[in-house]
Visitor: 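To start, I am sharing the structure in question, which I have written as structure tokens.
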Amino acid sequence: MGDSLHELNVRCGRPDVRFVAGLGDFAVAQLSNRFGVATVALHGAHVMSYVPQGAHPVIWMSEHSKFEPGQPIRGGVPVCWPWFGPDPLSRFGGHGFARLVSWRVAQTETAPGGETSIALELTDHMVPAEFEPYPFKLELTVTLGPALVIALKVWNTGDRTVEYSGALHTYFAVADAAKIQITGLEDCDYFDSVLGAAGVQRGAIVIDREIDRIYKGTSGICRILDPGFDRVIRVAKSGSTSTVVWNPWIAKSQRMSDFGDEEYHTMVCIEAANAPRADDCRTLPPGGRAELRQIISLEA
Ligand code: BG6
């Protein structure tokens, strides 16, 4: 049993961090400072929202999401770990168990420049035995400053080498997905999960159908050019050489019970991944540590 909201506020609350009851009664940390507001659910260490000061929300959340223990949240920033896509051992659902369980708040901090951060942690002891995890520790840090910085640290706390995949599976809010362009992946090779075929990106990405692609050899910056909201979202990253771009479009939206039929118009996912399909799984020796990071900001 985790801390109550009262205990969380006593232990880790501060003027710029409050713990409140969110949807489905999930405990949510509300970060708020001169740079904007961000919320993070303890369930899955899931970033639920990011609203830079004076701006339209940058992170998208489905109005049909479930907020139930053991279920993933639809929208925000799911932490996919220790596998991306299907379970390699075919036992459980996609994208790992880290997004299905409650994390513990390790600490909160206010930097001299006014940035606010929260760190949440998850260890093998906190995960249901059915998942049979190997010894590990994860720490997800969210920092609200001029950008939103999301960093997933992974430690191998066991005595054998492990291999994992994963992603920061960020859902971005757009005015009209059919009118945006995504730049930064020009000339990259990709695996198209809709067609089951390889391809090469020619020019900017436009969304005019279901898009589910794993771009390979990508470590640079992507931009979402959104004329409807008259803005550019900048998405930088480190610790990842694969980028997933996803919009379910019409038929897949209708098949997903936690996604509205028309919601595909207002979102697109750009995921900082360690994707198996892109030969980007990570190997950690005993005592080893790795970090996956996504840095999200608005350009003028
Ligand atoms: C993307 C995958 O990363 O996540 C898609 O490339 C998948 O194939 C999508 O549909 C959503 O996954 P889930 O498990 O959250 O429904």
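Counting starts at 1 for both ligands and their atoms, in listed order.
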Visitor: I want to know if ligand 1 touches Y171 in the polar sense, i.e. an N/O pair below 3.5 angstrom.
Guide: no
Visitor: Among all protein heavy atoms, pick the one closest to atom 1 (C) of ligand 1 and tell me residue, atom and distance.
Guide: H169 NE2, 3.3 Å
Visitor: Are the side chain of D3 and the backbone N or O of E7 linked by a donor-acceptor pair below 3.5 Å?
Guide: no
Visitor: Which option out of D212, I73, I211 puts a heavy atom nearest to atom 5 (C) of ligand 1?
Guide: D212
Visitor: Looking at atom 3 (O) of ligand 1, what's its closest protein heavy atom, distance included?
Guide: E271 OE1, 2.9 Å
Visitor: If hydrogens are left out, which of M256, E210, R277, R99 has an atom nearest to atom 15 (O) of ligand 1, that is, the closest non-hydrogen atom?
Guide: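 Residue with the shortest heavy-atom distance to the ligand atom: R99.
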Visitor: Ion pair present between R18 and D16, side-chain N to carboxylate O less than 4.0 angstrom?
Guide: no
Visitor: Within the structure provided, determine whether E115 and F35 are in side-chain contact (heavy-atom separation under 4.5 Å).
Guide: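 Contact flag for E115/F35 side chains = yes.
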Visitor: Any Lys/Arg nitrogen of D124 or K137 sitting under 4.0 Å from an Asp/Glu carboxylate oxygen of the other?
Guide: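 So D124 does not pair with K137 through a salt bridge.
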Visitor: What protein heavy atom sits nearest atom 10 (O) of ligand 1, and how far off is it?
Guide: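 Here the nearest protein heavy atom works out to K252 NZ, 2.7 Å.
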Visitor: Considering non-hydrogen atoms of the protein only, which is the closest contact for atom 13 (P) of ligand 1, and what is the distance?
Guide: R74 NH1, 3.6 Å
Visitor: Please determine which of E68, M48, R99 meets the side chain to side chain contact (heavy atoms under 4.5 Å, CB included) test together with I73.
Guide: M48
Visitor: Under 4.0 Å from a heavy atom of F84: which atoms of ligand 1 are those, numbered in the order shown and with their elements?
Guide: 3 (O)
Visitor: Has R213 got more than 12 heavy atoms of other residues, nucleotides or ligands less than 6.0 Å from its CZ?
Guide: yes
